[in-house]
2 protein chains.
Amino acid sequence: MRRARATPGARPTLEDVARLAGVSVATASRVLSPGTREPKPDLRDRVLAAAGRLSYTPNANARAIARGGTDIAGVIVADISDPYFSEIAAGAMRVADEHGVLTTLADTRRDPRREIAYLSALHGQRARAVILVGSRVRDPEVNAELDRELAAYRAGGGRIAVVSQPRLDADTIAIDNRSGARALATGLYGLGYRRFAVLAGPRDLLTGSERLSGFRSGLAAAGVELGRGSVVYGEFTRDGAYAAATELFAASLRPDCVFAVNDVMAVGVMAAARDCGLNPPDGIGIAGFDDITTLRDVVPALTTVRIPLYEIGAEAMRRVLDPSTTPGVRRVRCEVVIRASTPRRSPEAR
Amino acid sequence: MRRARATPGARPTLEDVARLAGVSVATASRVLSPGTREPKPDLRDRVLAAAGRLSYTPNANARAIARGGTDIAGVIVADISDPYFSEIAAGAMRVADEHGVLTTLADTRRDPRREIAYLSALHGQRARAVILVGSRVRDPEVNAELDRELAAYRAGGGRIAVVSQPRLDADTIAIDNRSGARALATGLYGLGYRRFAVLAGPRDLLTGSERLSGFRSGLAAAGVELGRGSVVYGEFTRDGAYAAATELFAASLRPDCVFAVNDVMAVGVMAAARDCGLNPPDGIGIAGFDDITTLRDVVPALTTVRIPLYEIGAEAMRRVLDPSTTPGVRRVRCEVVIRASTPRRSPEAR
DNA sequence: CTGTTAGCGCATTCAC
DNA sequence: GTGAATGCGCTAACAG
């Protein structure tokens, strides 16, 4: 005899529904699982009614194990409270929703170790696809371990996409940080700026490095060099930038333009400039990167490099959800947007 | 004879590990499941080695069904790309992570129907707990359906918390919008403002309504009324506010202070004011609500009402994850923060 | 301490 | 078209 289904706090099962409807579990399953050829209307209705009366909700785990797969996609980001990531996540979740797949979002708090741990957890969940978004790092050990985890996940049929740098053995959407930064440098030079400083973010993050090196090469093409002391590393955050910029402004070299490798940092620079008695954009131009929506109305309007964040997230999700896409590297171009934070600098002011 | 485990693309199972290690599945399970009393070191090592060689990753779904529960928490937000929600989500995910539970985040795109659908999906996933973040609505039908789904979920042992208004039959963290807005009104009045306008967000969202009514009551206490035409409803977004404010400034009534019911909207108002030839904060004060981190450096600095977003998310997650908390309503106070966007208004200017 | 076995809830072959 | 039986991968009694 089977265990009585009297236990309160226990969820109704398919068997309960079938019993109440007076049919077999097979029939109940057929009614409740979309896709199968549905039973006769009268049985159908009875099953539906029974399910309704019981507030039956199919156990997705059981379904997953019976079918050997889930309709879950994972998105792993470095910091969801950073608009850069939340916009990408929004785009990805939008597409996932349109495909009827649920998204599990994980926040690594910028710890590569946690990135690996989450990927493994998602693998355990048998997520259909995972998107890794966030700067790659230099640490070879971390990369190796991540690659191993990636391989295992893919071996099991998981689809994966990476948004950032093509450093991993996976389908990746590469943001063209380098050429964007280079174009920005060229533009700023054209506006008359000559003495640059760069807030480059953490040393080991590729995103910052790429933007820095692109910027540098753009400058070099114009015959300008970044003097020593004019590149400052620090946290990828507003506060990190504020601190670094304060230090920068206290030093003797007087830049006429500061490039922060992302918008959030640029805002920190602007605050620091003000607190140092400067009055941006007078005498000091400030530029960022990303073109974060939330920051589009700051004054003076921020010169930056626009990245189609939302669309990138959407595209990444589309790729992992579509079985026919062949993994590869898709480069996304960025677009320089000159705004009021870097006004033309008159020659005599130099 | 059992099916050969040669199929490529198939994930290794516990049985594979056990066979390779030369032990029973039970032993393998014990080694691989933390918490159980571990077998002898030598067996232990063999199992671990086998698991490593196979890149074995436990099937969380099977584990869930065998144990009758998961370590997944759900967070349902209205719009993850809105800093308000992403900060709350960040706080919640932080706590979840500390408890070793994965977070499934869902974005309703401000559609209450989707909120219900996601709750149901999370229920199906047998998530341990779910947090609903976002304004409640008026629509009684939607509320009833949501309450029903909530009841079913809870009946199955799920824990639930709501962040916003105590409108649902569930543990809730209520943000004291009303008193926060009232205090803001008082403060603005004290600064010399007299002719107010309010951008109230969508009509059916409680969050906006509460802030509006609180503001109104604060004004009333000072003997000021909101004239007709000075309350404009619209989208809860920057663009919605921009449009509404533009309209407002085009009308004949000349407010000396605009209160937007959230910061993102306030930024839109500021942009609209500028585009209408006004020069905030000269002649026109602007205030928001939330004190979004990303916007803390805008100029002029935004007068607003601070809500401990991150902490609220963390607290909500703590509550649902801790079995001993008794459901109830926890009110969170807000704090008025006067900044440069609402400078003292000299009497003669009135 | 280790192995055997019976479910967990559901999808799905296979007979009827 | 419908039902009975099997198995998905794992955990937890229960034996040994």
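Please read all numbers here as calculations on a predicted model, not as lab measurements. Computed over heavy atoms, backbone and side chain alike; hydrogens, waters and symmetry mates excluded.
Dashed line: the shortest gap from a side-chain N or O of A:Ser24 to OP1 or OP2 of D:dG3 is under 4.0 Å. Here A:Ser29 reaches the OP1 or OP2 of C:dA11: one of its side-chain N or O atoms lies under 4.0 Å away.
Separating the CD atom of B:Glu15 from the P atom of C:dT4 is a distance of 12 Å, rounded to the nearest angstrom. Remark: C1' of C:dC10 and CZ of A:Arg19 are 15 Å apart, rounded to the nearest angstrom. When the P atom of D:dC10 is taken as reference, atom CZ of B:Arg126 falls 20 Å away, rounded to whole Å. Rounded to whole angstrom, the span from the CG atom of A:Leu14 across to the P atom of D:dG7 amounts to 20 Å. Rounded to whole Å, atom C1' of D:dG9 lies 12 Å from atom CZ of B:Arg11. Atom P of nucleotide D:dT2 and atom CZ of A:Arg44 are separated by 12 Å, given to the nearest angstrom.
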Given B:Arg94 and B:Asp97, is the salt bridge (charged side-chain N to carboxylate O under 4.0 Å, His left out) satisfied, shown in steps?
CA-CA 5 Å; B:Arg94 167 62 178 271; B:Asp97 181 65; 6.0 Å; no
Given salt bridge (charged side-chain N to carboxylate O under 4.0 Å, His left out), test B:Arg136 with B:Glu115 step by step and report yes or no.
CA-CA 11 Å; B:Arg136 292 304 100 212; B:Glu115 193 172 37; 2.8 Å; yes
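With A:Asp71 contributing its side chain and A:Leu102 its backbone, the two residues share no donor-acceptor pair below 3.5 Å. Checked by atom type and distance alone, the side chain of B:Asp171 never pairs as donor or acceptor with a backbone atom of B:Val162 at under 3.5 Å. Under the 3.5 Å distance criterion, the side-chain polar atoms of B:Thr13 are matched with a main-chain donor or acceptor of B:Glu15. Side chain of A:Thr104 to main chain of A:Gly74: no donor-acceptor pair is present (N/O by atom type, distance under 3.5 Å, no hydrogens or angles). Panel note: side chain A:Ser135, backbone A:Leu206; a donor-acceptor pair is recorded below 3.5 Å. Checking side-chain atoms of B:Tyr56 against main-chain N and O of B:Arg11 turns up no donor-acceptor pair under 3.5 Å.
Within 4.0 Å of A:Leu43, counting heavy atoms only, lie sugar-phosphate atoms of the nucleic acid but no base atom. Using a 4.0 Å heavy-atom distance criterion, A:Thr27 is classed as a sugar-phosphate-only contact.
In the region residues 51-68 of chain B, proximity to DNA chain D at under 4.0 angstrom, judged on heavy atoms, holds for B:Tyr56, B:Pro58, B:Asn59, B:Ala62, B:Arg63, B:Ile65, B:Ala66, B:Arg67.
From one end of the helix from C:dC1-D:dG16 to C:dC16-D:dG1 to the other, with five pairs defining each end axis, the axis direction shifts by 40° (rounded to 10°).
Residue B:Ala26 places its side chain closer to C:dT4 than to any other of D:dA4, C:dT2, C:dT4. Taking the side chain of B:Pro39 as heavy atoms from C-beta on, and the options C:dC10, C:dT2, D:dT2, the nearest nucleotide is C:dT2.
Applying the side-chain contact (heavy atoms from CB on, under 4.5 Å) test to A:Asp79 and every residue at least two apart in sequence or in another chain returns A:Ser81, A:Asp82, A:Phe85, A:Asp107, A:Arg110.
Taking 3.5 Å as the limit, the base of C:dG3 and the side chain of B:Arg30 contain a donor-acceptor pair of atoms between them.
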